[in-house]
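Each chain gets a letter, A, B and so on, in the order its sequence line appears, and its residues count up from 1.
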Amino acid sequence: MALALRIIPCLDVNKGRVVKGTRFLDLKDAGDPVSVAKRYDVEGADEVIFLDITASSDNRKIMLNVVKACAEQIFIPLTVGGGVRNLEDIRTLLQSGADKVSMNTAAVQNPDLINKSSDTFGSQCIVLAIDAKRTPSKKWNVFIHGGRTDTQLDAIEWAKKGQKLGAGEILLTSMDRDGTKAGYDLELIERLTSTLTIPVIASGGAGTLDHFYSAWRSGASACLAASLFHYNQLSIAKVKKYLKIKGVPIRI
Amino acid sequence: MSSQLNVALINYGMGNLRSVSKAIENNGDKIFWVQSARGLKNKDILVLPGVGAFGQAVLNLKKLNLMEPIVEWIKEKKPFLGICLGYQLLFEASEENKGNARGLGIFKGTVKGFPKIKNLRIPHMGWNQLNLNKRAALYTALPKNPYFYFVHSYFPVPEDKTIISAECNYGINFAASIQKENLFACQFHPEKSSCNGLTLIKNIFNIYRKSK
C-alpha cells in the first residue's frame, strides 16, 4: 500500500464557463463549472482544480458564487486559483469552500505572500502555480498573467524559493505542451521533482494513457488534465484502470 | 433511527469548516456552529475539525475559552468526533511547535513529524489506504483497505496502542484513527474522501443516533 497518484481534472473558467484552449489561446466552451465538477467527483477524480483564467489579467476578483456552488456539490478536495492577490482573498476563498488556494502572478510579484499565507493558513493549503516555458538556452522561464508576461525567472529556482517560503505543493504547467496532447514535459517534471521535497502536480500535454504513467515515473505526485476529460477523449476511470494494471498505486 | 442529531461544530477559525458541515448535513443532522461553552448545551455530539498549525489551534480554542469545556465533554463520555487537527489536539503536545503548546491531553502521547526519508514528500497529501485493526462497526460497509484523503505533516503517537482502530503507512506506520467508547478521531478527512468518507460519517452518526 502506498500513497496513490492523484488524477486531477482542471476546470479553466472564463466568465463563468469552463473553457479550454491550446497553448493558453483559442478558448473553447466546455460547459457549466458546477455540473462539470460534480460529474468528475462521481467519475472518480481524486481532486478538482478550478482556475479563473482571466481574473488576473482582467484585474478582477474570482467568481466566489461559482466557487461556492462547486464546493457544495463535491466531497473531494477543491483547489481554487486565479486573481488571488492578498491574504484576504485567500481567507475568502477558504471560507467559500476551497481546500487549497493556488497563486501564480501575485506570488511572483510579492513572494512574501507565500510566506505570510502559509503561516496564517498552513502550508497544506498554499499551492504555488508555475507556468513554465522553455527558452532556447534549455531552461524554463516563469510566465505570469495567464501566460502573457515573461518574468525571466528560472522556473526551477523559483520553485525552490517557493518551497522555502512555505508552499505546500507546486502546480507545474508546461506552456509548450498545454492543450497539445503531446505528453507532459517529462524533463521539466524530473528536474523539479528531484529538486523539491513537496508534491508536484504535472500539468500540460496529457493526451494518451501512457502520458500519465510517464509523469508518475518522472516523479509527479499528481497528474492534471483538462480538455482530455472535458471532451471525453479519455475517461478518468479508463486512465485509473490503466495505471493500476501498470502497478501504479491508484484509488479505484 | 429517524431522530435528528444536534451537532456542535467547533468554529475556531481553522480551515474549511463548510466541507465538514455539509458532509454531516448529508445525513439529515442539524449543525450548530459553536464558538463558546454555552453553545455546547443540549447538543448530542461534538465535532472538532481543523486544518492548520497545532499552536495556533490551541491559541484559538483558549481565546474562546473552549479548552476546559471540550475536556469535560469527553470525560463525560459524550459522543465526540475529531478530524485532523481535532484528532492531534487530543494529545499532550506537538513537535510542530517544539512542544510549546499543550493540547487537550485526553490521551498520553505526542504529535510527531514524518521521518526525513529520501523521496518521501511532505506534506503527506493525497489518498492512502488504511489497515483496519479492529473490525469496528464504524468501518462497516467499506472495502477491506479503504482509501481516505490525507493532508498533514504531523501525526499523533498514542501511548495506549489499544485505542488505535486503523493504521496507515507513509514512510512509517502511524495511527490513522483512534476509538475509545464514544470518541472517534482520525487524521484523514472523511468529509473530503468521497463515498468512503460519507459512509464512515454515516456509520459514526448512526451509532450515536441509536444511543440517543
Could you report the tightest heavy-atom contact between [X] and [Y], atom names first, then the distance?
{"X": "P249(A)", "Y": "Y147(B)", "result": "C-OH, 4.4 Å"}
{"X": "P123(B)", "Y": "I198(A)", "result": "CD-CG2, 4.5 Å"}
{"X": "K22(B)", "Y": "E72(A)", "result": "CD-O, 3.9 Å"}
{"X": "R121(B)", "Y": "S221(A)", "result": "CD-OG, 3.5 Å"}

Taking side chain as C-beta onward, heavy atoms only, is [X] less than 4.5 Å from [Y]?
{"X": "Q124(A)", "Y": "H152(B)", "result": "no"}
{"X": "Y170(B)", "Y": "L3(A)", "result": "yes"}
{"X": "M125(B)", "Y": "R6(A)", "result": "yes"}
{"X": "S19(B)", "Y": "P77(A)", "result": "no"}

First locate atom [atom1] of [X], then atom [atom2] of [Y], and finally report the distance between them rounded to the nearest 0.5 Å.
{"X": "Q95(A)", "Y": "L17(B)", "atom1": "CD", "atom2": "CG", "result": "9.0 Å"}
{"X": "R18(B)", "Y": "L94(A)", "atom1": "CZ", "atom2": "CG", "result": "15.0 Å"}
{"X": "Q56(B)", "Y": "F121(A)", "atom1": "CD", "atom2": "CZ", "result": "10.5 Å"}
{"X": "T197(A)", "Y": "I117(B)", "atom1": "OG1", "atom2": "CD1", "result": "13.0 Å"}
{"X": "K192(B)", "Y": "I74(A)", "atom1": "NZ", "atom2": "CD1", "result": "6.0 Å"}
{"X": "W127(B)", "Y": "E47(A)", "atom1": "CH2", "atom2": "CD", "result": "9.0 Å"}

Picking from L196(A), D99(A), I252(A), V200(A), which has the most non-hydrogen pairs under 4.5 angstrom with chain B?
D99(A)

Which one, P199(A), G122(A), C125(A), leads in non-hydrogen pairs under 4.5 Å with chain B?
P199(A)

If you count heavy-atom pairs within less than 4.5 Å of chain A, which of L198(B), V151(B), N26(B) leads?
L198(B)

Select, from G52(B), A23(B), S194(B), C195(B), the one with the greatest count of heavy-atom pairs under 4.5 Å involving chain A.
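Winner by heavy-atom pair count: S194(B).
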
Chain A heavy atoms under 4.5 Å from H124(B): which part of the residue, side chain, backbone, both or neither?
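Contact with chain A involves the side chain of H124(B) alone.
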
For A222(A), is it the side chain, the backbone, both, or neither that has a heavy atom closer than 4.5 Å to a heavy atom of chain B?
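A222(A) has no heavy atom closer than 4.5 Å to chain B.
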
In terms of heavy-atom proximity below 4.5 Å to chain B, should L5(A) be classed as side chain, backbone, both, or neither?
neither

Neighbour count >12 (heavy atoms, 6.0 Å) for atom NZ, K161(B)
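Yes, enclosed.
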
